[in-house]
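Not measured: the values here are computed from a predicted model.
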Amino acid sequence: MEAVTVTDLPAPPTPAQQLDTAEQQASEELHAIIAAAVAAGITGAALLAIVAPLMNAVSRAAQTGWTIGTRIAMNAAVGQRMGRNAYFAEPLPTSVEADVAAVVADAAQRVDAAHTGRPTGGVPVTPATPEVELARFQRRMVRLAVTKIHQAASAATYSYTRWLGLDLEWVTRRDGKACAVCTAMNGQRIGPGKRFTPPIGRGIPRKLWAGFQGLPPAHPSCRCRPLPREPRPRT
Ligand SMILES: [Zn+2]
């Protein structure tokens with residue numbers, strides 16, 4: 001019988017893979033909650049009734065993102081480096097509760113408008129069918145969960161590298177799908193507690209997404225990450 005060597009064991013998932021898994025789990029969970037809620041009919045009331053479970057699901061996803069972001073920072077803390085600055089947890093740019101509530105309220109109005117055939121509340125658009133609005137709602141909820149996962153991962157990495165006194169480098173996704181903003185950000189380095197500066201120039205929108213406050217993600221569906229780097233000597 002052959003001995004199992006360490007090299008036979010599967011490699012542990014990378015942080016990027018862990019983030020992908022977290023996105024997938026959140027997507028499945030959100031779809032299940034929404035499917036159960038509209039089983040008896042697609043109505044605005046049915047969507048409003050699941051605000052709390054949706055908030056819980058997105059909060060759990062964000063918590064997973066925070067844990068992954070913490071690991072990214074702590075993996076860089078080699079040599080028993082101790083935190084030299086005060087530690088405090090960086091908050092997300094906007095809260096899970098507020099974001100979920102806004103998406104659900106808008107979707108409920110759109111679904112009701114689709115049933116009556118005329119705009120309802122603050123929804124100025126030509127109503128689509130309830131099924132179309134439901135599909136739109138599902139996409140928006142998943143995109144929100146993905147955003148919160150990445151905002152939380154970034155905030156955690158930021159909080160711990162600030163504590164440890166490490167630099168951060170903006171690293172874009174490797175699949176060539178980074179937008180003009182993120183491509184311009186790639187490789188930018190900041191010291192502990194500093195924020196990334198948005199680029200200016202050709203192809204860069206003058207007004208960036210409100211959820212971007214100096215840390216990735218720069219926009220919904222952005223998969224950029226801040227990665228810890230040893231601080232460069234400063235003069
Ligand atoms: Zn990006």
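Residues Pro217 and Phe212 approach most closely at O-CD1, 3.9 Å, considering heavy atoms. Annotation for Gly211 and Gln151: closest pair O-NE2, 3.6 Å, computed over non-hydrogen atoms. Residues Thr161 and Pro228 share a closest heavy-atom pair of CG2-CB, 3.8 Å. Heavy-atom minimum distance, Asn85 versus Trp163: O-CD1, 2.8 Å. Of all the heavy atoms in Ala184 and Ile204, the pair that sits closest is CB-CD1, 4.3 Å. Across all their heavy atoms, Ala108 and Leu47 have their closest contact at N-CD1, 4.1 Å.
Residue pairs that meet the ring-ring contact (aromatic ring centres under 6.0 Å, His included) test with at least one member in residues 175-200, sequence neighbours left out, are Trp170-Phe196.
At least one side-chain heavy atom of Glu97 sits under 4.5 Å from a side-chain heavy atom of Ser59. Within the 4.5 Å cutoff, side-chain heavy atoms of Thr147 are placed close to those of Trp209. When side chains are defined from C-beta on, Arg223 counts as touching Glu23, because their heavy atoms get closer than 4.5 Å. Ile72 is listed as a side-chain neighbour of Leu227, based on a closest heavy-atom distance under 4.5 Å.
Looking only at distances, no side-chain donor or acceptor of His31 sits under 3.5 Å from a matching main-chain atom of Val142. A donor-acceptor pair is defined here as one N or O able to donate and one able to accept, closer than 3.5 Å; no such pair exists between the side chain of Gln25 and the backbone of Ala22. Judged by distance alone, the side chain of Thr172 and the main-chain N or O of Cys182 form no donor-acceptor pair under 3.5 Å.
Put simply, the residue from Pro198, Cys224, Pro199, Cys222 that forms a side chain to side chain contact (heavy atoms under 4.5 Å, CB included) with Val181 is Pro199.
For Ala101, the side-chain contact (heavy atoms from CB on, under 4.5 Å) test picks out Met55, with sequence neighbours left out.
Side chains of Lys148 and Ser95: no donor on one and acceptor on the other come within 3.5 Å.
Cation-pi geometry between Arg71 and Tyr160 is not met: the NZ or CZ atom fails to fall both under 6.0 Å from the ring centre and inside 45° of the normal.
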